[in-house]
Trainee: 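Here you go, one structure.
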Amino acid sequence: QVQLVESGGGLVQAGGSLRLSCITSRSISSINTMGWYRQAPGKQRELVATITSGDSTNYADSVKGRFTISRDNAKNTVYLQMNSLKPEDTAVYYCNAAVRTISGITYYYWGQGTQVTVSS
């Protein structure tokens, strides 16, 4: 079981920045992939960015060049630095952890979400 707690959301103007944090209940080095997803009202949850234990990153096209995902193993925390925010970035952002067992089964864990609102 992995518990995730997000923080850092808020209200900002377009062009502003926010940094989201996700604290895990276990060593982040034992988590295969950490990720950020977001969901706007009336829309499906979508992938924003992921980072593996080997520091391989992946970003949605809509956030490339603006968002940066990183991790701090010592703090068991993954971050999402969001710059040049746009109104379309408005959504609830969720932290996700994917843990693959030796048997090959992957377990997914989710945080409670943090609201990001970008005004025009």
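The analysis underlying the following values was restricted to heavy atoms, covering all of them including side chains, and did not include hydrogens, waters or symmetry mates.
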Trainee: Heavy atoms only: give me the nearest Q1-R26 pair and the separation to one decimal.
Mentor: O-CD, 4.5 Å
Trainee: List the atom pairs, with distances to 0.1 Å, where a side-chain N or O of residues 5-17 and a protein N or O form a donor-acceptor pair under 3.5 Å, not counting sequence neighbours.
Mentor:
unit_1: E6; atom_1: OE1; unit_2: Q112; atom_2: N; d: 2.8
unit_1: E6; atom_1: OE1; unit_2: Q112; atom_2: NE2; d: 3.3
unit_1: E6; atom_1: OE1; unit_2: G113; atom_2: N; d: 2.9
unit_1: E6; atom_1: OE2; unit_2: C95; atom_2: N; d: 2.6
unit_1: E6; atom_1: OE2; unit_2: G113; atom_2: N; d: 3.2
unit_1: S17; atom_1: OG; unit_2: N83; atom_2: OD1; d: 2.9

Trainee: Are L20 and L47 linked, directly or through intermediate hydrophobic residues, by side-chain heavy-atom contacts shorter than 4.5 Å (ILVMFWY only)?
Mentor: no
Trainee: Counting only N and O atoms by type, is there a donor-acceptor contact under 3.5 Å from the side chain of R71 to the main-chain atoms of T52?
Mentor: yes
Trainee: As an exercise, state the distance from OH of Y93 to CZ of R45, rounded to the nearest 0.5 Å.
Mentor: 13.0 Å
Trainee: Going by the ring-ring contact (aromatic ring centres under 6.0 Å, His included) test, which pairs reach into residues 67-91, not counting sequence neighbours?
Mentor: none
Trainee: Checking side-chain contact (heavy atoms from CB on, under 4.5 Å) between C22 and each of L4, L80, I69, which is the one that passes?
Mentor: L4
Trainee: Minimum heavy-atom separation for Y94 to G111, with atom names?
Mentor: CD2-O, 3.7 Å
Trainee: Using side-chain heavy atoms (C-beta onward) and a distance below 4.5 Å, is V118 in contact with E88?
Mentor: no
Trainee: Mind checking whether M82 and V48 have side chains closer than 4.5 Å, heavy atoms only?
Mentor: no
Trainee: Salt bridge (charged side-chain N to carboxylate O under 4.0 Å, His left out), that's the test. Do K64 and D61 meet it? Break it down for me.
Mentor: CA-CA 5 Å; K64 287 182 178 178; D61 289 340; 3.1 Å; yes
Trainee: Side-chain heavy atoms under 4.5 angstrom apart, residues restricted to Ile, Leu, Val, Met, Phe, Trp, Tyr: same cluster for Y108 and I105?
Mentor: no
Trainee: Pairs in or reaching into residues 18-62: which pass ring-ring contact (aromatic ring centres under 6.0 Å, His included), with residues at least two apart or in two chains?
Mentor: Y37-W110
Trainee: Just one of T114, V116, V63 clears the side-chain contact (heavy atoms from CB on, under 4.5 Å) bar with R38, so which one?
Mentor: V63
Trainee: Quick check on side-chain contact (heavy atoms from CB on, under 4.5 Å): which of I23, N76, V2 does I28 satisfy it with?
Mentor: N76
Trainee: Where is the tightest heavy-atom contact between A91 and A40, given as atom of each residue plus distance?
Mentor: CB-N, 3.8 Å
Trainee: Using atom types as modelled and distance alone, determine if a side-chain donor or acceptor of T77 lies under 3.5 Å from a backbone N or O of D72.
Mentor: no
Trainee: Taking all non-hydrogen atoms of both residues into account, name the closest pair between S53 and I31 and its distance.
Mentor: CB-O, 3.8 Å
